[in-house]
Amino acid sequence: MSDGSDDADGGESDVEQMSAHEAAAVDGADGADARDFWAAAVADEIEARNPDEPIVIKGGVSPSGVAHLGNFNEIMRGYFVAAVLRERGYEVRQVFTSDDRDPLRKLPRKLADVDGDIVGLGDVDAGALGRNLGTPYTDIPDPFGESESYAAHFAALLKADADRLDVPVEMLSNTELYEDGTFEDVVAHVLEHADEAREVLSAYQSKVDEDYVPFNPICGECGKITETVTEVDLDARTVEYVCTDMTVGDETIEGCGHEGTATLREGKLPWRFEWPAQWQVLGVDFEPFGKDHAEGSWPSGEDIARNVLEIEPPVPMVYEWFTLNGEALSSSQGNIVTVVEMLDLLEPEVLRYFFALNPRKARDLDISRLDQLVDDFDRFERAYFGDVDDESVTAFAERAYPFVVDEIREDRVRLPYTFAAVLGMTDDRDLRIEMARNEGYIDDDTPEWAIEEALERVDRARAWAVREDNAYNYRIQDALPEVDFDENVEAALDELADFVAAGNDGEAIQGEMYETARRNDIEVGDFFEAGYLLFFDQPQGPRLGEFLGELDTEFVVARLRRDG
RNA sequence: GGGCCGGUAGCUCAGUUCGGCAGAGCGUCUGGCUUUUAACCAGACGGUCGCGCGUUCAAAUCGCGUCCGGCCCGCCA
């Protein structure tokens with residue numbers, strides 16, 4: 001526990017630990033800390049319970065076809081609370097349970113392959129999945145034939161995403177917790193107190209009757225989860241069962257009729273008991289969950305924890321679901337987005353920022369307006385460094401920013417996202433830098449690492465512009481676009497071509513464009529538009545003169561003369 | 001039918017815990033930078049805080065009612 005092996009900065013002294021705790025106490029006393037960042041308020045609540053260390057923060061989902069961004073609430077919301085507690089000097093263990101002893105109940109329409117790319121059911125062995133309806137995810141082969149099981153495949157995806165966002169989380173398999181006996185005593189306890197269990201649960205679920213047994217064995221014959229327990233032998237720690245049909249929605253998963261005996265490790269608790277059982281065996285102090293649990297599983301779980309398991313439930317936190325492009329996340333409708341996809345478009349810290357925002361608000365992730373999210377992040381970052389005159393943003397940034405970035409470095413350069421997208425018009429690195437320099441984002445004092453990081457945004461913003469095919473999807477046209485100009489515009493273009501051919505630099509070209517337009521009696525705007533059409537096949541573009549100054553002179557001259 | 005959460009400027013959101021002048025960024029418009037693009041600078045426009053009633057000297061904030069959206073109250077997670 002205190003061997004320091006996972007302690008990043010090693011020799012932290014007890015004195016410093018003390019002061020961290022004291023500082024936290026001061027923060028808690030005036031309340032400023034908690035008001036400004038939800039994770040700090042949650043941390044206060046956990047702290048108030050004087051938890052044993054390590055403090056355990058849990059999340060978890062049942063494996064499904066795709067690990068989408070919504071699932072990531074289970075990891076990111078806990079991460080921020082863990083980070084605040086660590087800052088206060090506590091040892092924190094963040095775990096994520098893959099609830100993988102759950103049976104596959106229906107076929108997913110979409111799956112994510114090992115790289116996180118989404119594929120349809122038709123691209124995998126769907127028959128093998130269909131035959132395994134009702135079987136625990138850990139006993140179903142990986143449809144991609146790579147991992148040990150369907151469950152392992154799914155867990156690996158989530159773990160890979162957590163790594164991409166640099167969140168240290170320990171993945172736990174529910175099945176393993178059953179098989180290695182971690183759950184066994186709780187299962188025995190629940191079966192021993194089956195009357196109380198039934199009584200408590202029946203307040204939440206009307207279907208619970210006298211025959212209800214809170215344990216579902218796995219059929220020794222067909223391997224499916226069964227629901228019919230006929231006898232419980234507490235001394236032998238076994239149950240007798242019949243493998244009967246299971247109803248899922250309006251579908252029926254057929255049982256094989258086998259009658260057998262199962263140990264308490266060969267089955268699972270129903271979810272309503274399994275969740276509190278996890279709290280007990282893992283010693284969970286905090287758990288965020290989606291609003292779907294808020295009025296169902298949570299109240300019953302809390303009750304079961306106190307009155308059946310006789311433990312104190314963790315500090316809860318409900319998070320709102322977010323929508324994608326205004327629509328509910330839905331894998332069957334195909335309205336999903338993954339961490340991998342998002343990281344093609346955003347830097348990891350921007351995505352982390354998204355999850356640092358108030359969990360109580362339903363939030364829409366509008367891909368077409370990602371520039372707005374990135375602008376918000378940039379402002380949030382500047383606020384941390386005291387450059388924003390807005391108390392509430394600054395207070396939030398002061399608390400949350402250190403947990404959003406991997407490293408606090410004040411002299412970072414952030415190109416505005418739309419400008420970064422515009423720079424994506426060229427793949428020429430030097431040209432990108434030159435244009436950023438022209439606009440004042442980079443100067444001679446900018447360190448090389450900052451330039452490097454700034455340019456990382458260009459590829460992402462470019463990917464966004466292409467994906468959305470929006471106004472920032474500029475690309476230098478290799479071939480002459482179809483154009484049709486007035487005579488005086490053509491004359492002006494020829495004059496400008498001569499000016500460029502004479503070897504003038506970008507700044508001069510920019511100035512000359514105005515002169516040329518005036519000389520030929522055309523609106524400056526029309527002349528610029530002509531230039532944009534020639535080079536981008538679009539009526540808008542970057543600051544043109546300086547841009548042309550960066551390109552190959554022969555190419556520019558030929559294009560201005562409409563020669564290719 | 002019962003319950004929970006949300007609804008604040010065109011957009012994205014602070015502010016609601018604990019009542020004290022309705023806020024920010026973006027967008028838009030106007031002007032500026034010898035310069036109509038990305039950006040930058042100055043300014044302006046923009047509000048029935050979903051709606052109604054109540055409490056109060058004072059309500060986005062508290063209470064009651066109501067509308068809209070999501071979720072839960074079967075199974076499952």
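If you're wondering where the values come from, they're calculated on a predicted model, not measured in any experiment. A, B, ... follow the sequence lines: proteins, then strands. Residue 1 opens every chain.
- Between E515(A) atom CD and U34(B) atom C1' there is a gap of 9 Å when expressed in whole angstrom units.
- Of the C1' atoms belonging to C41(B) and C57(B), the separation is 44 Å, rounded to the nearest Å.
- Side-chain rings of W279(A) and W298(A) approach one another, their centers coming within less than 6.0 Å.
- Comparing C5(B) with A22(B), their P atoms are spaced 27 Å from each other, to the whole Å.
- Y472(A) comes within 4.0 angstrom of nothing in the nucleic acid, heavy atoms only.
- With C1' as the reference atom, G65(B) and G43(B) are 44 Å apart, rounded to whole Å.
- Across all strands shown, A24(B) pairs with U12(B); the Watson-Crick or G-U wobble distances both stay below 3.5 Å.
- G50(B) and A60(B) are spaced 12 Å apart, taking the C1' atom of each and rounding to whole Å.
- You'll find the ring centres of Y137(A) and F154(A) outside the 6.0 Å limit.
- Aromatic pair F289(A)/Y319(A): ring centres not closer than 6.0 Å.
- A24(B) and C18(B) have their P atoms separated by 27 Å, with the value rounded to a whole Å.
- Side-chain contact check for Q372(A) and D366(A): no donor-acceptor pair (N or O, by modelled atom type) lies under 3.5 Å.
- At a threshold of 4.0 angstrom between heavy atoms, the contacts of K268(A) are confined to the sugar-phosphate backbone, with no base atom among them.
- The aromatic rings of F37(A) and F80(A) sit perpendicular, their planes meeting at an angle over 60°, well past the 30° parallel limit.
- Here the separation of G19(B) from C62(B), taken at their C1' atoms, is 7 Å to the nearest Å.
- A ring-centre distance under 6.0 Å is not found for F215(A) and F273(A).
- The interatomic distance linking D36(A) (CG) with C13(B) (P) rounds to 20 Å, in whole Å.
- Within 4.0 Å of F396(A), counting heavy atoms only, lies no atom of the nucleic acid at all.
- Scanning atom types as modelled, one donor and one acceptor separated by under 3.5 angstrom connect the side chain of S297(A) and the base of A77(B).
- For Q510(A) and U36(B), the CD to C1' distance is 11 Å, given to the nearest whole Å.
- Between F322(A) and F354(A), the ring centre distance stays below 6.0 Å.
- One P atom belongs to U17(B), the other to G63(B), and the distance between them is 10 Å to the nearest Å.
- Base engagement by R272(A) is indicated by at least one non-hydrogen atom pair under 4.0 Å involving a base atom.
- Summarising the geometry, the separation between NZ on K361(A) and P on U16(B) is reported as 10 Å, rounded to the nearest angstrom.
- Taking atom P on both G31(B) and U36(B), the two are 12 Å apart, rounded to the nearest angstrom.
- In the region residues 287-296 of chain A, proximity to RNA chain B at under 4.0 angstrom, judged on heavy atoms, holds for K291(A), D292(A), H293(A), E295(A), G296(A).
- Among the heavy atoms of the strands lying under 4.0 Å from N358(A) are primed sugar atoms or P, OP1, OP2 only; no base atom is included.
- The number of heavy atoms from other shown groups lying within 6.0 Å of CG (D521(A)) does not exceed 12.
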